[in-house]
Colleague: 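Pasting in a structure now, in structure tokens, and then I'll have a few things to ask.
Throughout, protein chains are lettered first and strands after them, A, B, ... in sequence-line order, and every chain is numbered starting at 1. Just the heavy atoms: all of them, side chains too, but no hydrogens, waters or symmetry mates, feed the values below.
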Protein chains: 2
Amino acid sequence: MNVSSLMQTRTDSTRDHILATGRGLVAQRGFAGMGLNELLKTASVPKGSFYHYFSSKEDFGCNLLEQYMSQYMSRLDEILTTKGPDARTRLMQYWSLWTSSQTSGDACVQCLIVKIGAEISDVSDEMREILEDGTRQIGMRLSEAIAEGQADNSISQTVEPDLLGAALYEMWLGASLVAKLSRNRDPFLNAMATTELMLPKPHQHTKDMI
Amino acid sequence: MNVSSLMQTRTDSTRDHILATGRGLVAQRGFAGMGLNELLKTASVPKGSFYHYFSSKEDFGCNLLEQYMSQYMSRLDEILTTKGPDARTRLMQYWSLWTSSQTSGDACVQCLIVKIGAEISDVSDEMREILEDGTRQIGMRLSEAIAEGQADNSISQTVEPDLLGAALYEMWLGASLVAKLSRNRDPFLNAMATTELMLPKPHQHTKDMI
DNA sequence: AAAAAACTAGACGACTGGTCTAATATGAAT
DNA sequence: ATTCATATTAGACCAGTCGTCTAGTTTTTT
């Protein structure tokens, strides 16, 4: 065959439309819970088109997750690069945005790692690996931000960036799960307070300093 | 142990057998991913029996989760009451057992809150409320244990039990999710190290005490 | 205009959760 | 022991869903 698989058609809009519609539906019903008929009816796309763009439901799921993780990493990097004067402020801003996005009730911004991570982990190795890679990258980026905070003197040198980055990320994933169950933002407020304690600022004017 | 798992002659043995089989299947495939036919074929139980004992799949799910949470709370209470000389040791033993159970690969002991919490939270209010209640109870029991540790002088007075109990629980839920994705126990080791830091022993000979 | 690729359309069989009637086992009352 | 009511089992059946597939139409390229 030729390079037809690499060719880009002008009208990828159908494919993108299926992916966008699917994200909302998956965030609401889960992956197994979202039927293809429901997806395609919602998107007003015939079933034949779906199997033109994706080889299977799992392939669709992989593309959905890859797109999601890619966009998430870009956004994370933007926040941790620009949204604040120092690394600690930017980190706290990240948790703050996490809280507001996960309490908005808007299905499209729901964290897909929380929503379908456990569901697909024992079912689809291909999808699992995409999320595994995503969580690894996010954890690393957070650890990096903590190290930056130690460099710009907004975070105490007493913490270990690698350990703490992963631990904070895990705590916020858990908080999201509990928040989904309890339908309120208390778990996030709790995680926020704990995060403040776990990311201590350097001691500046205590008696033992100076 | 007992004969009920081998014989189905006793009255409720069929019902219990369906629940036990369902727990393993749900832990593997998720709730929507487990079909009734698969469940009943695995359990060698005709469909008529299922609808004699349960009014619907959701009703079955509720009973499954209620039984699970009830057994979990009993086990948690046993650990936090007997498995160690002081409250802090008993708490650490709880996380240690969490780690080994979630890394065993045995589907039957998988944490159902992690596995199907997010999945069902937007689909079944009835099931969601059961898990909501369960997470609340577990968090409270952990906070209680931390307070006990402060009372028996195994945990520093500087921490706030309510905040910390919930935060630790959330971190371990998140660690379980990440561990399911990465298929290794690193997230648990990480959570364990962080837990040690978050549950400080009392300072015994510092200058500010006396 | 012809050939090839991109895309649409919906039929298809296996399966889904759920309902239904009938058959059988059990236990209490007589 | 016989009867009768209840508890439980059995699985055919329903309308609908699942993901797959082949055939057909439109668009692009040559």
Side-chain angles (χ1 to χ4, degrees), chain A residues 1-22 25-26 28-65 116 119-120 123-127, chain B residues 3-23 25-26 28-65 116 119-120 122-127:
Chain A
M1 286 295 288
N2 55 21
V3 291
S4 62
S5 61
L6 298 175
M7 290 174 61
Q8 285 189 353
T9 54
R10 280 173 317 167
T11 56
D12 269 354
S13 64
T14 299
R15 197 186 121 104
D16 288 343
H17 181 52
I18 295 173
L19 283 171
T21 307
L25 244 33
V26 164
Q28 198 171 12
R29 309 215 192 290
F31 188 70
M34 181 205 65
L36 243 38
N37 287 339
E38 182 183 20
L39 165 62
L40 296 171
K41 189 178 153 195
T42 305
S44 299
V45 167
K47 197 173 275 187
S49 301
F50 180 88
Y51 280 94
H52 171 68
Y53 293 108
F54 308 102
S55 65
S56 67
K57 192 189 186 188
E58 185 179 13
D59 178 48
F60 162 76
C62 289
N63 279 275
L64 180 69
L65 292 180
I116 67 169
E119 181 195 347
I120 58 95
V123 170
S124 163
D125 249 30
E126 224 174 327
M127 293 173 72
Chain B
V3 288
S4 61
S5 57
L6 302 173
M7 298 180 61
Q8 297 179 31
T9 55
R10 241 346 267 137
T11 45
D12 273 352
S13 70
T14 299
R15 196 186 124 102
D16 288 343
H17 181 54
I18 295 173
L19 284 170
T21 307
R23 183 181 299 187
L25 244 33
V26 164
Q28 197 170 10
R29 310 215 192 288
F31 187 71
M34 180 207 66
L36 243 38
N37 288 336
E38 182 185 17
L39 165 62
L40 297 171
K41 189 179 154 194
T42 304
S44 301
V45 168
K47 196 176 275 190
S49 301
F50 180 87
Y51 279 94
H52 172 68
Y53 293 109
F54 308 103
S55 64
S56 67
K57 192 190 186 188
E58 185 179 12
D59 179 46
F60 162 75
C62 289
N63 279 275
L64 180 69
L65 291 179
I116 67 169
E119 181 194 348
I120 59 95
D122 302 303
V123 170
S124 163
D125 250 31
E126 223 174 328
M127 292 172 73

Colleague: Side chains of Met127(B) and Ile116(B), heavy atoms from C-beta outward: is any pair under 4.5 Å?
Modeller: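 Met127(B) vs Ile116(B): side chains touch.
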Colleague: Can you give me the closest heavy-atom contact between Met34(B) and Arg29(B), atom names plus distance?
Modeller: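 For Met34(B) and Arg29(B), the tightest heavy-atom pair comes out as N-CB, 4.1 Å.
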Colleague: Leu39(A) and Val45(A): side-chain contact (heavy atoms from CB on, under 4.5 Å), yes or no, with the steps?
Modeller: CA-CA 9 Å; Leu39(A) 165 62; Val45(A) 167; over 6 Å; no
Colleague: Report the distance from atom CG of Leu40(B) to atom P of dG18(C), rounded to the nearest whole Å.
Modeller: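 Going from CG in Leu40(B) over to P in dG18(C) covers 11 Å.
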Colleague: Between the protein and nucleotides 18-21 of chain D, are there any N/O to N/O pairs under 3.5 Å, and if so, what are the atom names and distances?
Modeller:
residue : atom : partner  : partner atom : Å
dC18(D) : OP1  : Gly35(A) : N            : 3.1
dC18(D) : OP2  : Asn37(A) : N            : 3.4
dC18(D) : OP2  : Asn37(A) : ND2          : 3.4
dG19(D) : OP1  : Lys57(A) : NZ           : 3.0
dG19(D) : OP2  : Leu36(A) : N            : 3.0
dG19(D) : N7   : Lys47(A) : NZ           : 3.0
dG19(D) : O6   : Lys47(A) : NZ           : 2.8
dT20(D) : OP2  : Tyr51(A) : OH           : 2.5

Colleague: Would you please classify the geometry between the Phe60(B) ring and the Phe54(B) ring as parallel, tilted or perpendicular, with 30° and 60° separating the classes?
Modeller: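 Because their plane-to-plane angle is over 60°, the rings of Phe54(B) and Phe60(B) count as perpendicular.
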Colleague: Is the phosphate of dC7(C), meaning OP1 or OP2, less than 4.0 Å from a side-chain N or O of Ser49(A)?
Modeller: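 Looking at the OP1 and OP2 atoms of dC7(C), neither is under 4.0 Å from any side-chain N or O of Ser49(A).
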Colleague: Just how far, in rounded Å, is C1' of dC7(C) from NE2 of His17(A)?
Modeller: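 Those two atoms, NE2 and C1', are 15 Å apart.
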Colleague: Does CD in Glu126(B) sit with more than 12 non-hydrogen atoms of other residues, nucleotides or ligands closer than 6.0 Å?
Modeller: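 Counting neighbours around CD of Glu126(B), 12 or fewer heavy atoms of other residues, nucleotides or ligands fall under 6.0 Å, so no.
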Colleague: Applying side chain to side chain donor-acceptor pair (under 3.5 Å), can you list everything that pairs with Thr21(B), at least two apart in sequence or on another chain?
Modeller: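 For Thr21(B) there are no side chain to side chain donor-acceptor pair (under 3.5 Å) partners, ignoring immediate neighbours.
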Colleague: Would you kindly give the NZ-to-P distance between Lys41(A) and dG16(D), to the nearest whole Å?
Modeller: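 Distance, rounded to whole Å: 11 Å.
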Colleague: May I have the distance from Ile18(A) (atom CD1) to dA6(C) (atom C1'), rounded to whole angstrom?
Modeller: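 Going from CD1 in Ile18(A) over to C1' in dA6(C) covers 14 Å.
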Colleague: Under 4.0 Å from OP1 or OP2 of dT8(D): is there any side-chain N or O of His52(B) that close?
Modeller: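 True: His52(B) side-chain N/O within range (under 4.0 Å) of dT8(D) OP1/OP2.
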